[in-house]
There are 2 protein chains.
Amino acid sequence: MDQVPGSTGTSAGFALRLGQTIFSSASLLFMSFGVQFYSYTSFCFLVTIMGFVIPWSFILALVDGYSVLVTCPIRQKGVMLIIIIGDWLLSTLTLGAASSAASVVNILITADRSVCPPRMCSRYLISIVFAFLSWFLSMASSLFNMWVLPSL
Amino acid sequence: MDQVPGSTGTSAGFALRLGQTIFSSASLLFMSFGVQFYSYTSFCFLVTIMGFVIPWSFILALVDGYSVLVTCPIRQKGVMLIIIIGDWLLSTLTLGAASSAASVVNILITADRSVCPPRMCSRYLISIVFAFLSWFLSMASSLFNMWVLPSL
């Protein structure tokens with residue numbers, strides 16, 4: 001069978017996983033250092049989800065890197081199914097967390113300045129942008145893998 | 001080829017579309033009557049998206065109903081691709097809108113009672129629950145159709 005670029009075990013797939021790891025780590029770091037994220041449920045949710053996405057993407061990046069090096073992609077249907085479901089679940093949760101955090105920031109910005117000084121608000125915003133990027137990449141991974149699944 | 005239950009042109013697909021139409025209409029009605037949804041960006045976003053989901057689901061429900069009656073399901077790859085992309089786009093937007101509205105309600109509930117009296121807050125909550133149900137069904141439609149696509 002043909003290799004779909006972006007699916008597990010290809011170099012494009014490895015790049016996607018690496019991007020997910022970097023973006024989700026950046027999102028977590030911007031959200032958790034120097035700002036009081038724990039005062040808002042949505043921000044706590046975002047931090048929790050990022051805490052799940054980082055190890056998941058990192059481990060799959062290692063698996064992909066290994067598969068590319070030994071040129072032996074994963075072709076077990078069960079393993080692919082777990083990866084697809086995990087990706088899909090995490091990308092859904094990331095999207096939910098990112099959009100709820102975005103709406104909280106929107107409310108904080110329209111509220112008075114004492115609640116959210118510009119320096120903190122911009123950090124929240126950067127963190128949310130990284131979360132959206134991470135969502136986009138993990139959704140792409142999930143779609144590429146789903147495309148491969150019926151041909152296994 | 002075999003029919004996947006839930007894909008376009010099956011009776012399960014028709015039921016999914018009908019459910020989407022009902023849930024998104026209920027979400028729109030609960031959000032727009034008697035409450036000031038326009039004071040919050042997220043609620044406006046939710047109402048806008050529901051305004052797109054209702055005609056989309058309704059038209060596809062009609063198409064599915066017709067296909068079931070004449071027992072002639074849609075099998076053109078291009079049409080299926082448009083349906084899948086539309087479903088996927090709308091389900092993503094619905095999820096984003098529902099979770100951002102949910103986080104706004106969460107903030108309103110923790111704020112003082114004058115901002116959000118219990119009667120209004122419960123209407124917001126019901127509307128959001130319906131939006132999540134509509135998201136779930138339209139995502140299911142999208143996945144079932146995506147499953148059919150490679151075999152076309």
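Hydrogens, waters and symmetry mates are skipped; everything else that's a heavy atom, side chains included, is used. If you're wondering where the values come from, they're calculated on a predicted model, not measured in any experiment. Quick note on labels: first sequence line is chain A, next is B, and so on, each numbered from 1.
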(message) Please find the pair of heavy atoms, one from Ser103(A) and one from Ser100(A), that lie closest to each other, and give the distance.
(response) OG-O, 3.0 Å

(message) To the closest 0.5 Å, what do you measure between CZ (Phe130(B)) and CG (Leu28(B))?
(response) 12.5 Å

(message) I'd like to know if the side chain of Thr71(A) and the backbone of Val68(A) have a donor-acceptor N/O pair within less than 3.5 Å.
(response) no

(request) Test side chain to side chain contact (heavy atoms under 4.5 Å, CB included) on Val63(A) and Ser67(A) and set out the steps. (result) CA-CA 6 Å; Val63(A) 170; Ser67(A) 302; 4.2 Å; yes

(request) First locate atom CD1 of Ile128(B), then atom CG of Leu133(B), and finally report the distance between them rounded to the nearest 0.5 Å. (result) 12.0 Å

(message) Between Ser27(A) (side chain only) and Phe23(A) (backbone N and O only), is there a donor and an acceptor less than 3.5 Å apart?
(response) no

(request) Quick one: closest heavy-atom pair of Ile83(B) and Trp56(B), and the distance? (result) O-CZ2, 3.6 Å

(request) Apply side chain to side chain contact (heavy atoms under 4.5 Å, CB included) to the pair Phe132(A) and Leu95(A), showing each step before the final yes or no. (result) CA-CA 7 Å; Phe132(A) 271 114; Leu95(A) 175 63; 3.8 Å; yes

(request) Output yes when a side-chain donor or acceptor of Ser127(B) lies under 3.5 Å from a complementary backbone atom of Arg123(B), and no otherwise. (result) no

(message) Can you list the residues of residues 7-15 of chain B that sit under 4.5 Å from chain A, counting heavy atoms only?
(response) none

(request) Determine the minimum heavy-atom distance between Leu108(A) and Cys121(A), stating which atoms define it. (result) CB-SG, 4.5 Å

(message) Under a 3.5 Å distance rule, please check whether Thr110(B) uses its side chain to pair with a backbone N or O of Ile107(B) as donor and acceptor.
(response) yes

(message) If the contact rule is any heavy atom under 4.5 Å from chain A, which residues of residues 135-143 of chain B qualify, in numerical order?
(response) Trp135(B), Met139(B), Leu143(B)

(message) Which residues pass the side-chain contact (heavy atoms from CB on, under 4.5 Å) test with Leu149(B), not counting sequence neighbours?
(response) Trp147(A), Lys77(B), Met80(B), Leu81(B), Ile84(B), Leu152(B)

(request) Could you list which of residues 40-54 of chain B have a heavy atom closer than 4.5 Å to any heavy atom of chain A, in residue-number order? (result) Tyr40(B), Thr41(B), Ser42(B)

(request) Write down the atom of Gln20(B), the atom of Ser57(B), and the distance for their closest heavy-atom approach. (result) OE1-OG, 3.1 Å

